[in-house]
Amino acid sequence: MKTALLIIDVQHALCAGEYAAVGIDAVIERINALSARARAAGVPVVLIQHEEADGPLQHGTDGWQLAQRLVTDAGDLRLRKTACDSFHHTELQERLQERDVTQLVVCGLQSEFCVDATVRRALALGYPVVLVEDGHSTLDNGVLSAAQITAHHNATLANMTSFGPRVAVVPADQVVVVA
C-alpha cells in the first residue's frame, strides 16, 4: 500500500498559550521523528492547517501558522481547511489520488475534533488508517482529561468496523511508513 502522512493542525495557537494541547512538546517530537522517516522513505507528508473567519486560527495570523517546533520541508504538501474533516471542501482527496495513496497515517490536533473527523472520513472513502497512538492530543474539557479523550479516541476508532477499512492504533516509534 502506498502511504501518506497527514499532520493535522499542529499550529501555533494550539501549541502555545491557553489553547496548548496537553503534552504538545512530546507530541511534536514524535511527529517530527515520524515525518523525517516518511520523507526519507519518499512518503508524501501533508501539513493541514485549520482556519476560521476570526479568532486565534484566522488565516495569516501568528496563531494560524504552523508551530515553530514542527519540522517541515519545502516538498511537503500544504492544505488549508475550514472544517474538522480535512477532506471537506478541500483538495485532499484529489492530492492523494494523484499520488496513488491507498493508506493514511494520521497525527496532530485535536483528538476529538479534527483527528476524529478526518479518520472517520478517510475510512468512509476507503482508506485504511494508522492512527499514531501517541501522536495526537487535545485539551482537558471539564468532563474528561486530555489523556482520557485521546485514549477514548484511540479505543473507539480502533474498534470501528462498519466502513470496511480499519484503524490500526500504533505508537509513533513503531509506525512503518513505506512509499
Any side-chain donor-acceptor pair under 3.5 Å between E51 and T82? no

Drop me the distance from S145's OG to L139's CG, to the nearest 0.5 angstrom. 11.5 Å

Could you walk me through whether V46 and R95 pass the side chain to side chain contact (heavy atoms under 4.5 Å, CB included) test, one step at a time? CA-CA 9 Å; V46 185; R95 298 242 181 130; over 6 Å; no

If only atom types and distance count, is the side chain of N32 paired as donor or acceptor with the main-chain N or O of L70 below 3.5 Å? no

Can a donor-acceptor pair be found between the side chains of S111 and H136 at a distance below 3.5 Å? yes

Please identify which of these residues, Q65, Q49, Q11, meets the side-chain contact (heavy atoms from CB on, under 4.5 Å) condition with L57. Q11

For S137 and T150, work out which heavy atoms get closest and say how close. CA-OG1, 3.8 Å

Under 3.5 Å: donor-acceptor pair, side chain of T61, backbone of Q58: yes

For W64 and R80, run side chain to side chain contact (heavy atoms under 4.5 Å, CB included): C-alpha distance rounded to whole Å, both residues' side-chain angles, the deciding distance at 0.1 Å, then the answer. CA-CA 10 Å; W64 178 82; R80 294 165 49 187; 3.8 Å; yes

Report yes or no: does K81 contribute a side-chain atom to a donor-acceptor pair with the main-chain N or O of H88 at less than 3.5 Å? no

Measure the shortest side-chain to side-chain distance between V45 and I7 over non-hydrogen atoms and say whether it is less than 4.5 angstrom. yes

Kindly compute the distance separating CG (L66) from SG (C15), expressed to the nearest 0.5 Å. 9.0 Å

Find out whether D116 and Q110 are in side-chain contact, i.e. whether some heavy atom of one side chain is under 4.5 Å from a heavy atom of the other. no

Would you confirm whether D76, through its side chain, and T72, through its main-chain N or O, come within 3.5 Å as a donor-acceptor pair? no

Gap separating the CZ atom of F113 from the CG atom of D9, nearest 0.5 angstrom: 11.5 Å

Does H153 use its side chain to pair, donor to acceptor, with the backbone of I149 at less than 3.5 Å? yes

Compare every heavy atom of G42 with every heavy atom of A179, then report the nearest pair and how far apart it is. CB-O, 3.9 Å

Identified side-chain hydrogen bond (donor to acceptor under 3.5 Å, both in side chains) counterpart of Y127 within the set R121, Q103, Q93: Q93

Identify the two heavy atoms, one from L109 and one from A21, that lie closest to each other, and give their separation to 0.1 Å. CD2-CB, 3.6 Å

At what distance, to the nearest 0.5 angstrom, does CZ of R120 lie from CG of L157? 5.5 Å

Presence of salt bridge, D173 and R30, under 4.0 angstrom: no

Kindly indicate, with the supporting measurements, whether the criterion side chain to side chain contact (heavy atoms under 4.5 Å, CB included) is fulfilled by V105 and L34. CA-CA 10 Å; V105 175; L34 180 57; 4.0 Å; yes

Given side chains that start at C-beta, do those of M160 and V167 come closer than 4.5 Å, heavy atoms only? no

CD of E52 to NE2 of H59: how many Å apart, nearest 0.5 Å? 13.0 Å

Examine distances only and state if a side-chain atom of D85 and a backbone atom of F87 form a donor-acceptor pair shorter than 3.5 Å. yes

Please check if the side chain of R69 supplies one atom and the backbone of E29 the other of a donor-acceptor pair under 3.5 Å. no

Less than 3.5 Å apart, any donor N or O on the side chain of S86 or T118 sitting next to an acceptor on the other? yes

Evaluate the criterion side chain to side chain contact (heavy atoms under 4.5 Å, CB included) for residue pair R37 and V175; output intermediate values, then yes/no. CA-CA 10 Å; R37 292 196 327 265; V175 173; 3.9 Å; yes

Which residue in the set L6, L5, I48 passes side-chain contact (heavy atoms from CB on, under 4.5 Å) when paired with V106? L6

For residues G108 and V10, report the shortest heavy-atom separation together with the two atoms involved. CA-CG2, 4.0 Å

P165 and its side-chain contact (heavy atoms from CB on, under 4.5 Å) partner, picked from T102, L104, L123: L123

